Amino acid sequence: MRLNTITSGAKIKKTRVGRGPGSGLGKTCGKGHKGQKTRSGGSSGLHGFEGGQMPLQRRLPKFGFTSQKALLSAEVRTSELAFVDGEVVDLTSLKQAQVLRSNVQFAKIMLSGPIARAYVVKGIKVTAGARALIEAAGGRIED
């Protein structure tokens, strides 16, 4: 590469505002006349700012509910029981098998997929279909 082979536009010159009428950006520097946006530091960077008018997100009512228990709950498929070592299935064994995250405090076993062996489920809720499948395989549910 040589200086005479560099294509045009490879380096863009920095715009210098306020350098007279011949530059096209003299006097007001492209900001127009008066108003909040013409002042130094005068632009509101807040998201949703409407020039002092009550913003839309504050005009509309709040609604809905977010359960804090839902953040600590999880569902376990019957097919995922195969990852557990041993026959006892509880929260600690599911966490060790990396079926559940470490912050989960509540779990429920759902009917989804077959199971190959008998399991003893302790301290976990079970749906009716999953209960029938576990008991049909020779397992039991203890509370």
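Predicted model only: the values in this text are computed from it and were never measured.
- Placement of V84 and I124 within a single hydrophobic cluster is found when ILVMFWY residues are connected by side-chain heavy-atom separations under 4.5 Å, directly or transitively.
- Remark: F83 CZ is loosely packed, at most 12 non-hydrogen atoms of other residues, nucleotides or ligands lying under 6.0 Å away.
- Each salt bridge (Lys or Arg N to Asp or Glu O under 4.0 Å) pair with one or both residues in residues 53-62, not counting sequence neighbours, appears once here: E50-R59.
- Under the 4.5 Å side-chain heavy-atom criterion for grouping Ile, Leu, Val, Met, Phe, Trp and Tyr, M110 is not connected to L81 through any hydrophobic cluster.
- Figure legend: cation-pi geometry between K125 and F106 absent, as NZ or CZ is not positioned both under 6.0 Å from the six-membered ring centre and within 45° of its axis.
- Counting only heavy atoms from C-beta outward, the side chains of R117 and Y119 approach each other to under 4.5 Å.
- Around the NZ atom of K95, the shell of radius 6.0 Å holds more than 12 heavy atoms that belong to other residues, nucleotides or ligands.
- Using modelled atom types, one side-chain atom of T78 and one backbone atom of S112 make a donor-acceptor pair closer than 3.5 Å.
- Within the 4.5 Å cutoff, the side chain of V89 has no heavy atoms near those of the V120 side chain.
- Listed by first and then second residue, the salt bridge (Lys or Arg N to Asp or Glu O under 4.0 Å) pairs involving residues 16-44 amount to none (not counting sequence neighbours).
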Review item, side-chain donor-acceptor pairs of residues 134-143, under 3.5 Å, at least two apart:
unit_1	atom_1	unit_2	atom_2	d
R140	NE	E142	OE2	2.9
R140	NH2	E142	OE2	3.0

Between L72 and V104, is the side chain to side chain contact (heavy atoms under 4.5 Å, CB included) condition met? List the steps. CA-CA 5 Å; L72 305 173; V104 172; over 6 Å; no
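- How far CG of L91 is from OG of S102: 12.0 Å, rounded to the nearest 0.5 Å.
- Considering only heavy atoms from C-beta on, T38 stays 4.5 Å or farther from T28 through its side chain.
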